[in-house]
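These notes are about the structure you will find just below.
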There are 2 protein chains.
Amino acid sequence: MAHSPRRRRPTQVDIARHAGVSQATVSLVISGGAASDQIPEPTRLAVLAAARQLGYSANVAARSLKGGRNRLLGLYTFEPVFPTDQRDFYYPFLLGVEEETAAQGYDLLLFSSVTSAGDRSIYAGGANRLKIADGCVLLGRSVRRAELAALIREDFPFVFIGRREVDDGELSYVAADYVTATADLVAALVRLGHRRILHLRAPGDSEPTRDRESGYRRGIAEAGLPADHVLIETLTDPADLSADHLRAWADRHGATALLVEPTEDTRLVEALEDAARSGGLRFPDDLSLALLGDPPSWTPELRDWTRYSLPRARMAREAVGLLIELLDDPASAPRQLSVPCAFVAGDTIGPPVTPPVPGERS
Amino acid sequence: MAHSPRRRRPTQVDIARHAGVSQATVSLVISGGAASDQIPEPTRLAVLAAARQLGYSANVAARSLKGGRNRLLGLYTFEPVFPTDQRDFYYPFLLGVEEETAAQGYDLLLFSSVTSAGDRSIYAGGANRLKIADGCVLLGRSVRRAELAALIREDFPFVFIGRREVDDGELSYVAADYVTATADLVAALVRLGHRRILHLRAPGDSEPTRDRESGYRRGIAEAGLPADHVLIETLTDPADLSADHLRAWADRHGATALLVEPTEDTRLVEALEDAARSGGLRFPDDLSLALLGDPPSWTPELRDWTRYSLPRARMAREAVGLLIELLDDPASAPRQLSVPCAFVAGDTIGPPVTPPVPGERS
DNA sequence: GCGTTCAGCTAATACGTATTAGAGAGGGGG
DNA sequence: CCCCCTCTCTAATACGTATTAGCTGAACGC
């Protein structure tokens, strides 16, 4: 079968010609929700019939150029989400965003393309790609602050999943309350009798890491423990989580419990599983250990880690809801939402086994 | 902080005024890769300086309005993919589509919104929603043929993942070769000594189901078995897969092996697991059983089913590649790709245990 | 018969960019 | 002095839609 050269997409002008009306009328019928009432039924039907017959669909570019809406929400991630071992971490967010977007009657645009320069940037080719969407949900740890600031300057509506700060102004976000959740975890350990609790934090100073540290410090302070009980180490490489290494760290600080900030990939928890299995380190028999967040995988874990759990799907849905509120009221100021983390009791903490260092406050 | 009323973004006109040139010159400098050489250095630099100073970024909508393309590929699924237990089945497709789309420098638009009418239709509001994208990958079992036909009539570029047929013309698809894979599975069973092999097929007559049945029939025929050895039952409800029911079916047909077409949700395989566990039915000790496709979950299975496996990620990537070829050469005819399934040996088939029915051809 | 009102439509325009034809200046060759 | 060429830049236009001001004809009141 000979294949016809691709026809030009029908425009409102084509429909107008076909239905014997003007382009303006077509526009009113097709998209003018309010003004559409003023068009009498016969005309409306004629236009719609012509539209259907010609296979019309609006040109997004033209529509958004004009300032109209596309009923498109974007999802932009600062890290590649899909084909890595990080996907298990990000997938629940994606799920939530997708679900709520659909529920609100929007379609979802995944900004995934890497530019020719190999640069995964919002501003590619001097243009803000996100602008095709009405608004955007942002996600990811390795934020490029400059781009965030530029988005704010441009007044582009977006919501970050996770607390983010920029010098140049406020932004909207939906964040998990790491501070309270971490402080609560410290309190739980103190109640069990722990006094020296080591916090293994991630390198860098992204907000999630900072918030966990704040929560840890607050927990220590609220337990009435002295300042020299603030024990923090930075975990640069998950490979350092060998059983021997963990024991050495605990001994050095006299710690009986560990609070570990998990990574978004699978390596950290795998290292822990390995320390327990082949390293002979038992939780909580030798050491209490709690995770400051979810193990990355959403598949059943080998261990039931004591931890708190981010309500990822809920955060995502809230973010979409917030974004749509921003869209509906463009004059509104940036807003911040905080959602609590869920405590998961697990089975990796218990009473301290190493006796407290002599001379320590009870 | 008071929030400024949304500022107007600087445009090329603003830059032009600022730099004392025309808008056309600005356009040439900013985006005219080739023509940019013809602009003398001082002018170029002046324009770029002005652009930087004003914080210019190009308006995508305007750009793509002019050019026609949005560098957007769509993904439309005929069933809701995300929030159901079908997601494990569809997720690998999504993964592959996303990956290849990104690799090709496109962004991915997920058509997920349900229209106001509650109708999950391509044609909503008298318009073809898909047209927002340059082209579209389609996916799903419960195809609405009429819509497919309409897409073909409109010359909208799309590729289906899975073999589909429409009366009105040809369409492009990337399909798994169910026929060969199923025939091969029959041959494997025959080699083990099976003669009476029961095929449990899904209800309905979608292409995947038809292809599996064709493969089954071909396998029986190629093994030189007579026509009365073609044993087919339709499995309406996965709950019918109880151990008792399976035994009854096998007895009625004198079958020693079962070929089961899996569903896209988790119920079927769960029923099988259950038949084995609480129903005391052992594979392959009591009965050989192979799946005509993947168990739905991509998480580790309890049983290692003998089966063939669709190369879902690869099919998805091929579909995207094919779609982009269609876009690059609009005059090209629809194309069909077939990819082989991978045989997974598993541990649920073995020699027949019930002795062959007397009088049967060896 | 004249003004008024109203429904039902259209003409015109703006949105920001890319592209093309060509204007204007300057110079060199005949 | 004229022709032609090059170099640098600009005016004009198209892209498809949304929106607004306003046109037309009919109905109505007085």
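No experiment lies behind these values; they were computed from the predicted model shown. Lettering follows sequence order; numbering is per chain, from 1.
For the residue pair B:Arg335/B:Ser172, the side-chain donor-acceptor check at 3.5 Å is not satisfied.
Not one side-chain nitrogen or oxygen of A:Arg63 sits closer than 4.0 Å to the OP1 or OP2 atom of D:dG16. At least one side-chain nitrogen or oxygen of B:Thr25 sits closer than 4.0 Å to the OP1 or OP2 atom of D:dT10. Not one side-chain nitrogen or oxygen of B:Ser22 sits closer than 4.0 Å to the OP1 or OP2 atom of D:dC9.
Between the side chain of B:Gln23 and the base of C:dA18 there is at least one donor-acceptor pair of N/O atoms closer than 3.5 Å.
We find that B:Glu147 and B:Arg145 are not joined by a salt bridge, their nearest charged nitrogen and carboxylate oxygen being 4.0 Å or further apart.
Per the geometry, CD belonging to B:Glu41 stands 14 Å off C1' belonging to D:dT8, to the nearest Å. If you measure from atom CG of B:Leu65 to atom P of C:dA14, you get 16 Å, rounded to the nearest angstrom. The distance from atom CD1 of A:Ile15 to atom C1' of D:dT17 is 12 Å, rounded to the nearest whole Å. Regarding B:Leu28, its CG atom lies at a distance of 9 Å from the P atom of C:dT19, rounded to whole Å. With rounding to whole Å, B:Gln12 atom CD is found 14 Å from C:dC15 atom P. Distance NZ (B:Lys66) to P (C:dA18): 9 Å, rounded to an integer number of Å. Atom pair B:Asn59:CG and D:dC15:P shows a separation of 18 Å (rounding to whole Å applied). B:Ile30 places its CD1 atom 16 Å from the C1' atom of C:dT19, with the value rounded to the nearest Å.
Closest-nucleotide positions on DNA chain D for A:Ala24 and B:Pro40 were compared, and the one nearer the 5' end corresponds to B:Pro40.
Classification of the A:Phe93-A:Tyr90 ring pair by plane angle, with boundaries at 30° and 60°, yields tilted.
A:Val21 comes within 4.0 angstrom of the backbone, heavy atoms only, and of no base. As judged by a 4.0 angstrom heavy-atom cut-off over every strand, B:Thr11 is placed among residues touching the sugar-phosphate backbone only.
Atom-to-atom distance recorded for B:Leu109:CG and A:Asp107:CG is 5.5 Å, nearest 0.5 angstrom.
Taking every heavy atom of residues 42-50 of chain B and every atom of DNA chain C, no pair lies under 4.0 Å.
Between B:Phe160 and B:Phe158, the ring centre distance reaches or exceeds 6.0 Å.
A cation-pi arrangement, defined by a distance under 6.0 Å to the six-membered ring centre and an angle within 45 degrees of its axis, is absent between B:Arg164 and B:Tyr173.
Nearest heavy atoms, A:Gly162 versus A:Met315: N-CE, 4.3 Å.
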